[in-house]
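Here the structure comes first, spelled out in structure tokens, and everything after it is commentary.
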Amino acid sequence: MKWKSAKYLYMHPSFSGMVVGLLSGIIGYKTLCAKPHIEYEELPDKKRRGKEILKYGIPERPGDLMFYKNHVLSYNAASRIPFWVAEHLTKDSLSGKANRKFSDFKPDPSIENLFMSENSDYWNSGWSRGHMAPAGDNKHDQEAMDESFLLTNIVPQDLSNNAGFWNRLEMYCRKLVKNYDDVRIFSGPVMVPETDQDGNIYVKYRVIGKNHVAVPTHLFKVIVADSADSNQFVAAFLVPNKPITFERKLRDYQVDVSRIESLIGFRLLPNLKAKSMKNLCNNEGCNLISKEEFEKIFLTSRIKNSRNIKDLEMQWKSATEQLDGKPSKHLKEAYNEAKQTLQARN
DNA sequence: CGGGGTTGATGG
DNA sequence: CCATCAACCCCG
């Protein structure tokens, strides 16, 4: 069977770069086998035949591999959502003043309309537009943040999940750069097979809008954190695309990387030896921020984004009330800073 | 931090 | 007529 798959790989245009490596493997295989099923000399003939069969061109997969300023992705042109999106987080890439208020969700101009989703597919669908490479991972560069809003990086996501559990998972990933110099992340949608009432197994998912954008049943995130002593700490998570309460722990959703790979059909870390991989959660804990910490963050955000003094005072009042009159130093600083900038504007 | 929505003015 | 955009409102 190994031999058969090697033949296929040789013919497949996507693997043309591997031809040299495969040939050496094939020759090595021949020396081991008394009766090879195929002669090496036959392969060029098959390639010539293939070119004749594919007279009108090799079928292509639009968006198979897309590079942006701060992320890389593979686009699923049939589902109108990515297969996977990859990122590299460092202290530098997470610091800056790029702001999502300058960015807009829009179709990716690199993908022809036939294969591209639109904002209208999401409107009134009941599903929010969820970033795979988060906007908040691009604070260092407004253009990079703008690119994260292209719909090639977006999947239909439950709003509560997007703004809640998944948001906190993204915050957890950003926090890792404090203890690890390099953090690499894969994120993407998953269609998990499910046993139906008839006892058979189905992959079932909704599609939305006139472009039939696929709604994933789950989302995955695979984290690789490089430590200073050159260890790779890895964790993979498979998260249902539905509301998740604060009672649930991140560890409840941890799975093997191979479980994700099996579901999506991609080897995500082909060059990372399983031996050198260590469980991030054993080293790190994998704890999301608490409900209280989480709520403080958007209280701070509302204060920072106040449009005028009156709005600011209103937000400050409701924030201090919610915190029983005991706002943190950080919140007070945000309030004072916002007050200064708003006063300077007048 | 992550999202949702409405309205009114504008312009081809 | 529809599409775009800024301003404004709201939520956890």
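The shown structure was predicted, so the numbers you read here are calculated from the model rather than taken from an experiment. Excluded from the calculations below are hydrogen atoms, water molecules and symmetry mates; all remaining heavy atoms, backbone and side chain alike, are included. Throughout, a chain's letter reflects where its sequence line sits, starting with A, and its residues are numbered from 1.
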Query raised in the report: Is the number of heavy atoms from other residues, nucleotides or ligands within 6.0 Å of CD (A/Glu313) greater than 12?
Result: yes

So what does [X] hit on the nucleic acid, given a heavy-atom distance under 4.0 Å: a base, only sugar-phosphate, or nothing?
X	answer
A/Ser128	sugar-phosphate
A/Arg174	sugar-phosphate
A/Gln157	nothing
A/Gly164	nothing
A/Lys106	nothing
A/Asp137	nothing

Taking only side-chain N and O atoms of [X], does any of them lie within less than 4.0 angstrom of OP1 or OP2 on [N]?
X	N	result
A/Asn162	B/dG4	no
A/Lys296	B/dC1	no
A/His131	B/dG3	yes

Report task. Record whether the side chain of A/Arg168 comes under 3.5 Å of the base of C/dG12 through a donor-acceptor pair of N or O atoms. Result -> no

Query raised in the report: Are A/Tyr253 and A/Phe165 close enough that their ring centers fall under 6.0 Å?
Result: yes

Report task. Between A/Ser125 and A/Ala98, just flag the one whose closest nucleotide in DNA chain B comes earlier from the 5' side. Result ->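 Checking each residue's closest nucleotide, the 5'-ward one belongs to A/Ala98.
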
To the nearest Å, give me how far apart [atom1] ([X]) and [atom2] ([N]) are.
X	N	atom1	atom2	result
A/Ile154	B/dG2	CD1	C1'	11 Å
A/Arg302	B/dG4	CZ	C1'	13 Å
A/Met132	B/dG2	CE	C1'	12 Å
A/Arg100	B/dG4	CZ	P	9 Å
A/Asn99	B/dC1	CG	P	6 Å
A/Phe298	B/dC1	CZ	P	13 Å
A/Phe105	B/dG4	CZ	P	6 Å
A/Ile244	B/dG2	CD1	C1'	15 Å

Query - Over all atoms of both residues, closest heavy-atom pair of A/His131 and A/Ser148 - result: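 Minimum heavy-atom contact is CD2-O, 3.1 Å.
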
Query raised in the report: Is A/Glu147 paired with A/Lys69 through a side-chain N to carboxylate O contact shorter than 4.0 Å?
Result: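 Salt bridge flag = no for A/Glu147 with A/Lys69.
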
Requested in this report: Using the side chain to side chain contact (heavy atoms under 4.5 Å, CB included) rule, pick out the option among A/Pro62, A/Ser110, A/Pro107 that qualifies with A/Met116.
Outcome: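 Per the side chain to side chain contact (heavy atoms under 4.5 Å, CB included) rule, the option paired with A/Met116 is A/Pro107, out of A/Pro62, A/Ser110, A/Pro107.
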
